[in-house]
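Since the model is a prediction, treat every value here as computed from it, not as a measurement. Just so you know, these numbers use all the heavy atoms, side chains as well, and skip hydrogens, waters and symmetry mates. In listed order, ligands and their atoms are each counted from 1.
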Amino acid sequence: MKITYLGHASLSIEAHGQTLLVDPFITANKLAAHIDINTLEANYILLTHAHQDHILDVEAIAERTGAKIISNYEIVTHYEAKGLPGHPMNIGGSWQFDFGKLHMVNAIHTSSFADGSYGGNPAGFVIQTAHHKVYIAGDTALTYDMKLIPKLIGALDLAILPIGDNFTMGVDSAMVASDFVQCDTILGYHYDTFGYIEINHKKAIAKFAKQHKKLILLAIGSYVKI
Ligand code: NI
Ligand code: MN
């Protein structure tokens, strides 16, 4: 799997020859000005919740690429009404796609569209291919439910956790989340985009290192391979 960081909580994941775009919020992110959404490929668009900083560029990318939107029932219904195809899921469910098995897991947060309409429950995902498992937490607080992930799905290769604090977990909570999901390799996301979530990179990496954990902070546009 190749995981490219597109800024904020946006990711592009190559798995089994398919490209999965996660929570595309790019055109309004000044830090991601060098990312052109017109060049992004997508077979699927995974959405964790309906907040604008996760769905802003969905329509433009889905219309151009024909990507299938995978999210909760409410969000998929919202886009299907606009003629964009989707696959509805809900928390606790799994589905075998051509890229692998996708699990929708709990997140503690809120989920409303920009106009205030209901966006279903927020969620995280676990992508499980033949060889790898990656947890994408979405916007969430630290929750004991994270302990269920390794128990139900098995050992993770990478956990992608929000670390910006204020709206989600911060660095200290993310270290506990790393324990709960039994994964010591963390890709941080949902930080620096706006003032409320700016973090000190060196301090965050050092905190994780002190607990023998690896916090990866990618430059926007760069990637990790697992
Ligand atoms: Ni949110
Ligand atoms: Mn957010």
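Among K214, Q211, K213, the one residue that satisfies the side-chain hydrogen bond (donor to acceptor under 3.5 Å, both in side chains) test with D184 is K213.
Residues I163 and M169 form no side-chain contact, since every pair of their non-hydrogen atoms from C-beta on lies 4.5 Å or further apart. In this structure, the side chains of D23 and D53 stay at 4.5 Å or more apart for every pair of heavy atoms.
Residues passing the ring pair (Phe, Tyr, Trp, His ring centres under 6.0 Å) test with Y44, sequence neighbours excluded: F97, F99.
Closer than 2.8 Å to the Ni ion (ligand 1) sit the protein N, O or S atoms H49 NE2, H51 ND1, H109 NE2, D139 OD2.
Taking CD1 of I70 as the start and CE of M89 as the end, the distance is 7.5 Å to the nearest 0.5 Å.
Taking the six-membered ring wherever Trp is involved, the centroid distance between the rings of H103 and F125 does not fall below 6.0 Å.
Here 4 is the count of protein N, O or S atoms positioned under 2.8 Å from the Mn ion (ligand 2), waters not counted.
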Side-chain donor-acceptor distances from residues 193-200 under 3.5 Å, at least two apart:
| from | atom 1 | to | atom 2 | distance (Å) |
| --- | --- | --- | --- | --- |
| T193 | OG1 | H8 | ND1 | 2.6 |
| T193 | OG1 | Y191 | O | 3.4 |
| N200 | OD1 | K202 | N | 3.1 |
| N200 | OD1 | K203 | N | 2.9 |

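For H131, the NE2 atom counts as loosely surrounded, since its 6.0 Å shell holds 12 or fewer non-hydrogen atoms of other residues, nucleotides or ligands.
For the pair K147 and F180, the cation sits on the ring face: its NZ or CZ lies under 6.0 Å from the ring centre, inside 45° of the axis.
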